[in-house]
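These numbers come from the heavy atoms of this one structure, side chains and all, not from hydrogens, waters or symmetry mates. Fair warning: this is a prediction, and the values are worked out from it, not measured in the lab.
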2 protein chains.
Amino acid sequence: MKRPTIADVARHAGVSKGAVSYALNGQPGVSEATRQRILAIATEIGFSRSNAARALSAATAGAVGLALCRPARTLGIEPFFMALISGVEAELSARSYALTLQVVADPDAEIAVYRRWWGERRVDGVLVCDLRTDDLRIPALEQLQLPAVVIGGPGGTGDLSSLWSDDEAALTETVEYLVALGHRRIARVAGLPDLRHTEIRTDAFAALCQRLGLLDAVTVWSDYTGEEGGRATRRLLSSAHRPTAVIYDNDVMAIAGLSVAQEMGLTVPGDLSIVAWDDSPLCRLVHPPLTALGRDIPAYGAHAARQLLAIIAGEPASRVQDETPQLTPRGSTAPPRGR
Amino acid sequence: MKRPTIADVARHAGVSKGAVSYALNGQPGVSEATRQRILAIATEIGFSRSNAARALSAATAGAVGLALCRPARTLGIEPFFMALISGVEAELSARSYALTLQVVADPDAEIAVYRRWWGERRVDGVLVCDLRTDDLRIPALEQLQLPAVVIGGPGGTGDLSSLWSDDEAALTETVEYLVALGHRRIARVAGLPDLRHTEIRTDAFAALCQRLGLLDAVTVWSDYTGEEGGRATRRLLSSAHRPTAVIYDNDVMAIAGLSVAQEMGLTVPGDLSIVAWDDSPLCRLVHPPLTALGRDIPAYGAHAARQLLAIIAGEPASRVQDETPQLTPRGSTAPPRGR
DNA sequence: CTGAAAGCGCTTACAG
DNA sequence: CTGAAAGCGCTTACAG
């Protein structure tokens, strides 16, 4: 099939190519009547604007980039990313932007991808995930002046726009809930230690437990995989003063922790209460269903996308706090059985 | 930052823009020495080719499209898609192709996306998932003459290329294994009934069970969600002649089934054996770990991507049978407890 | 093996 | 409000 071009529309409408372009872009330069006629003809002959030509002359790619920098095995299993992507994508496609996705091995490779995207004019901006402490991607993006929204923070995002949720508040709510149930020995299985939000949660947990006088509070680090989450749980439950409640930094590790508890002959929630961060359908899949900290992740992604499109449109950088995760109590938490 | 263009490289190298283009594309027209010199200069001044300009003049988008047509809630939770995407992406980025992702609501919307991508010259080809019976996307893509690889089959893919795994063989291996363990009442919780691979599995299951004289063999349909998988399991386990083994069409439903069995006071594998299709880390997360039919899904995605790139490069359509899923026995299957 | 030039399909100042 | 024209940064026949 031969694709119609703007010249075909112009010929059919009896106007110049320029007029068609103005009509298509909703810009002044054509009368409303002419605009409508041009648009109708464009639809009629099945015209779509060539993205390449538009990208070249208008210096806009019509696409937004997302580089995902976790090992493939972690990526696949956490529902978080797919949920985020679906939200991002919904917002982008409503505004006729495409989403370009790339999986990278490490932050250096990710920076290389940003440079290439910038050089190739592949994307008009990027969404940055998994903010780290002293994240080298931030100065790299600042230097490229590539529009970007960092999904993470607050803090550590330089002059770039950012979007985050109040993990400190969510953690506080969770710990206070567990304390109200009667727990005094609470542990936490954290995600990768150099991620900024892990750091925020760890600091908040330490400070809060000290304030509440929970001396046995301990954080152990993991990598978000079920394997590591299970191992960490096994270690925790084997210690002399084993915790009566564990907070996990993601759903997958929490489910692995539940299995380990069952395997060690402990009942949940009788012997051990479990809370999962990042509520997902997985949490309702297991028995007992997991108490979890949830938020609307597709909406989170949609907000980030909208924020990025605003910056691409020329608005100044912004820092936005999104919805705070809410605790949904389910069957995995209860008062500790008296011992 | 000002982006260097091909003209800058040409000036630095003291050659014409055409020569730089030939050097970049590895085409005859420049001597090997000149090519090396041009490439070195390009790297030195940080040149990347504008994708827009290349797309416009070479009539190639440098991108491949993937439209995902499941509701967001199913998408996020099944590890399958992320694993597939990571494999696709690895293959594409190794050949400097980008992956354009779009989430769509239904097959009609998906066809509209293909038309738009074609009209905008956004992608050079597409990967088609979730092949259905009488799939309208097939004639639409044939009409557009948009290069495509259908991940699914065999059959029902018209003149398009396709890639599939032998689900009939995998199902047969599984049923024979369960029968060897002593199971006679085997049920199957299937995915969406209008998906081609569900149909293939259902037909194979019915034929095989009849051949083996398993008269209670029953297939119930579901939608891949844990919720529906759990409901189907509850129904099966409440029937007078409840099955002693259930085969699930995905990992998520199998885990939900396990929870339901536990909730109903049945032990797995003592009272009920469970097999999950699409082995994933989730299957090893639960207790007992699930016996599962697995294959290398990133490799599957990579193969599909490679096949598509070959077609884009002008090779004829091909139909390829990929690796057959392998059964990995774990703790969720055993001989049925005598009753 | 190399250079000059047309052309891909748009957008956008610039005249009218 | 509209038209003619330059230009975006490449690729690719076409001459030399």
Between protein and nucleotides 6-10 of chain D, what N or O pairs are separated by less than 3.5 Å?
from	atom 1	to	atom 2	distance (Å)
D/dC8	O2	A/Ser57	N	3.4
D/dG9	N2	B/Ala53	O	3.4
D/dC10	OP2	B/Ile6	N	2.7
D/dC10	O2	B/Ser57	OG	3.1
D/dC10	N4	B/Lys17	NZ	3.1

Rounded off to whole Å, could you give me the CZ-to-C1' distance for the A/Arg11 and D/dG3 pair?
-> 17 Å
Determine yes or no for a side-chain-to-main-chain donor-acceptor pair under 3.5 angstrom, with A/Trp118 supplying the side chain and A/Leu144 the backbone.
-> yes
A/Glu120 side-chain N/O to B/Ser50 backbone N/O, donor-acceptor pair under 3.5 Å | no
Is the number of heavy atoms from other residues, nucleotides or ligands within 6.0 Å of CG (B/Asn25) greater than 12?
-> yes
Partner of C/dA4 under the Watson-Crick or G-U wobble criteria, both distances under 3.5 Å, comes out as none
A/Gly14 or B/Val20: which one's nearest nucleotide on DNA chain D is closer to the 5' end?
-> A/Gly14
Quickly work out the A/Tyr22 OH to D/dC1 P distance and round it to whole Å.
-> 13 Å
Hunt down the Watson-Crick or G-U wobble partner of D/dA13, both distances under 3.5 Å, from any strand shown, or write none.
-> none
Is a donor on one side and an acceptor on the other found under 3.5 Å between the side chain of B/Gln307 and the backbone of B/Ser162?
-> yes
Pick base, sugar-phosphate or nothing for B/Val15, based on heavy-atom distances below 4.0 Å to the nucleic acid.
-> sugar-phosphate
Is the shortest distance from a Lys or Arg side-chain nitrogen in A/Arg295 or A/Glu323 to a carboxylate oxygen in the other one below 4.0 Å?
-> no
So, does A/Asp106 use its side chain to make a donor-acceptor pair with the main chain of A/Asp108 at under 3.5 Å?
-> yes
